[in-house]
Amino acid sequence: VGVVEFTATSGPRYNLGRSADVRDYFRLLFPDSLFELIARETNAGVYREQGPRPDPEWEPTDSNEIAAFLGLSILMGLQSLPKTHLYWSAKHYEGSQDFLLTMTSARYQQLSSVLRVGGCSGEGPGQSDPEDRLHAIRPLLDMVERAMWDAYLPTQC
């Protein structure tokens with residue numbers, strides 16, 4: 001059996017240049033629309049679960065806060081501490097200033113308890129397809145898949 005050699009172009013589709021920082025590369029795979037989706041679904045989930053009178057402590061979130069939340073979550077994965085609130089303590093974590101400047105520990109915990117990525121707003125493709133076992137997160141999966149294909153051409157499939 002003869003196999004045809006793979007000769008198509010592959011690799012990154014973008015050259016962000018020397019002035020690009022880590023956020024520029026992060027945004028290639030995780031676009032603003034993803035954070036907007038998560039904010040919309042999180043807010044819808046709170047109102048759906050708590051009814052017309054949600055917890056008076058709840059402030060609706062937005063895409064910027066969701067991006068900050070996910071950034072802090074990634075940092076937590078780089079430096080493991082036994083309790084989440086310790087990331088806000090200079091005594092326990094050298095980088096606590098970044099956490100303190102981004103959001104309070106209480107707000108981080110609040111978002112952690114209500115974060116939703118789909119299935120709450122009723123918007124987006126796949127929301128009503130009972131055959132799709134991932135229908136609740138289909139909008140998120142589709143968005144990430146599009147971003148991956150936009151950012152990188154794989155070698156042979």
Side-chain angles (χ1 to χ4, degrees), residues 11-127 132-154:
R13 291 182 182 240
Y14 298 100
N15 181 3
L16 296 179
R18 293 178 164 262
S19 63
D21 66 9
V22 69
R23 287 176 294 193
D24 296 323
Y25 286 95
F26 184 79
R27 297 280 184 182
L28 288 177
L29 300 179
F30 302 98
D32 291 339
S33 56
L34 181 70
F35 303 124
E36 291 163 7
L37 169 75
I38 296 171
R40 183 175 60 250
E41 292 295 331
T42 298
N43 290 328
V46 167
Y47 293 117
R48 187 172 86 181
E49 292 169 16
Q50 297 181 5
R53 300 176 81 135
D55 178 353
E57 297 291 316
W58 173 251
E59 283 290 325
T61 190
D62 61 25
S63 60
N64 290 327
E65 186 175 47
I66 293 297
F69 173 88
L70 293 175
L72 292 180
S73 298
I74 290 169
L75 287 174
M76 288 177 180
L78 299 175
Q79 174 69 47
S80 183
L81 293 176
K83 300 280 185 191
T84 302
H85 73 274
L86 296 177
Y87 290 96
W88 281 262
S89 167
K91 179 179 176 185
H92 296 97
Y93 182 57
E94 201 171 283
S96 65
Q97 191 65 21
D98 295 330
F99 283 76
L100 290 166
L101 292 172
T102 304
M103 71 177 60
T104 66
S105 174
R107 180 59 172 178
Y108 183 89
Q109 295 290 350
Q110 185 182 46
L111 287 172
S112 293
S113 70
V114 299
L115 193 74
R116 301 288 180 270
V117 297
C120 294
S121 71
E123 297 177 24
Q127 290 288 332
D132 183 2
R133 295 176 66 185
L134 298 174
H135 73 276
I137 61 169
R138 180 61 54 204
L140 173 108
L141 294 175
D142 291 345
M143 222 175 263
V144 171
E145 180 183 21
R146 264 191 316 276
M148 294 288 181
W149 282 107
D150 287 346
Y152 191 81
L153 285 172

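No hydrogens, no waters, no symmetry mates; every other heavy atom, side chains included, goes into these values.
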Just wondering, do L81 and M76 contact through their side chains at under 4.5 Å, heavy atoms? no

Would you please test L28 and D150 for side-chain contact (heavy atoms from CB on, under 4.5 Å) and show each step? CA-CA 8 Å; L28 288 177; D150 287 346; over 6 Å; no

Working to the nearest 0.5 Å, report the span between CZ of R48 and CD of E41. 8.5 Å

Validation row, ring centre F69 to ring centre Y108 under 6.0 Å: yes

Taking the side chain as everything from C-beta on, heavy atoms only, tell me whether V46 gets closer than 4.5 Å to W58. yes

To the nearest 0.5 Å, how far apart are OG in S63 and CZ in R40? 10.5 Å

What do you reckon, is CG of D21 surrounded by more than 12 foreign heavy atoms closer than 6.0 Å? yes

With a 4.5 Å limit on heavy-atom distance, are the side chains of L70 and I38 in contact? yes

Considering only heavy atoms from C-beta outward, does the side chain of L29 approach that of V144 to under 4.5 Å? no

Does E49 pair with R116 as a salt bridge, N-O distance under 4.0 Å? yes

Hey, are the side chains of V117 and L37 touching, using non-hydrogen atoms and a 4.5 Å cut-off? no

First locate atom CD of E65, then atom OG1 of T42, and finally report the distance between them rounded to the nearest 0.5 Å. 9.5 Å

Rounding to 0.5 Å, atoms OG (S73) and CG (L111) come to a distance of 9.5 Å

Do R138 and D132 sit within salt-bridge range, that is, some charged N less than 4.0 Å from a carboxylate O? yes

Spacing of L72 atom CG and T102 atom OG1 [to the nearest 0.5 Å]: 4.5 Å

With rounding to the nearest 0.5 angstrom, report the CE to CE distance, M143 to M148. 13.5 Å

Can you tell me how the ring of F99 sits relative to the ring of Y87, calling it parallel under 30°, perpendicular over 60° and tilted otherwise? parallel

D55 side chain to Q50 main-chain N or O, any donor-acceptor pair under 3.5 Å? no

Is I66 close to L115 at the side-chain level, that is, under 4.5 Å between some pair of heavy atoms? yes

Are the side chains of L141 and E145 in touch, meaning some heavy atoms are under 4.5 Å apart? no

Measure across R27 and A67 and return the closest heavy-atom pair with its distance rounded to 0.1 Å. NH2-CB, 4.2 Å

Please confirm whether the backbone N or O of W149 pairs with a side-chain atom of R13, one donor and one acceptor, at under 3.5 Å? yes

Counting C-beta onward and ignoring hydrogens, is there a side-chain heavy-atom pair between D142 and P139 closer than 4.5 Å? no

May I ask you to check if R107 and W88 form a cation-pi contact, with NZ or CZ under 6.0 angstrom from the six-membered ring centre and within 45° of the axis? no

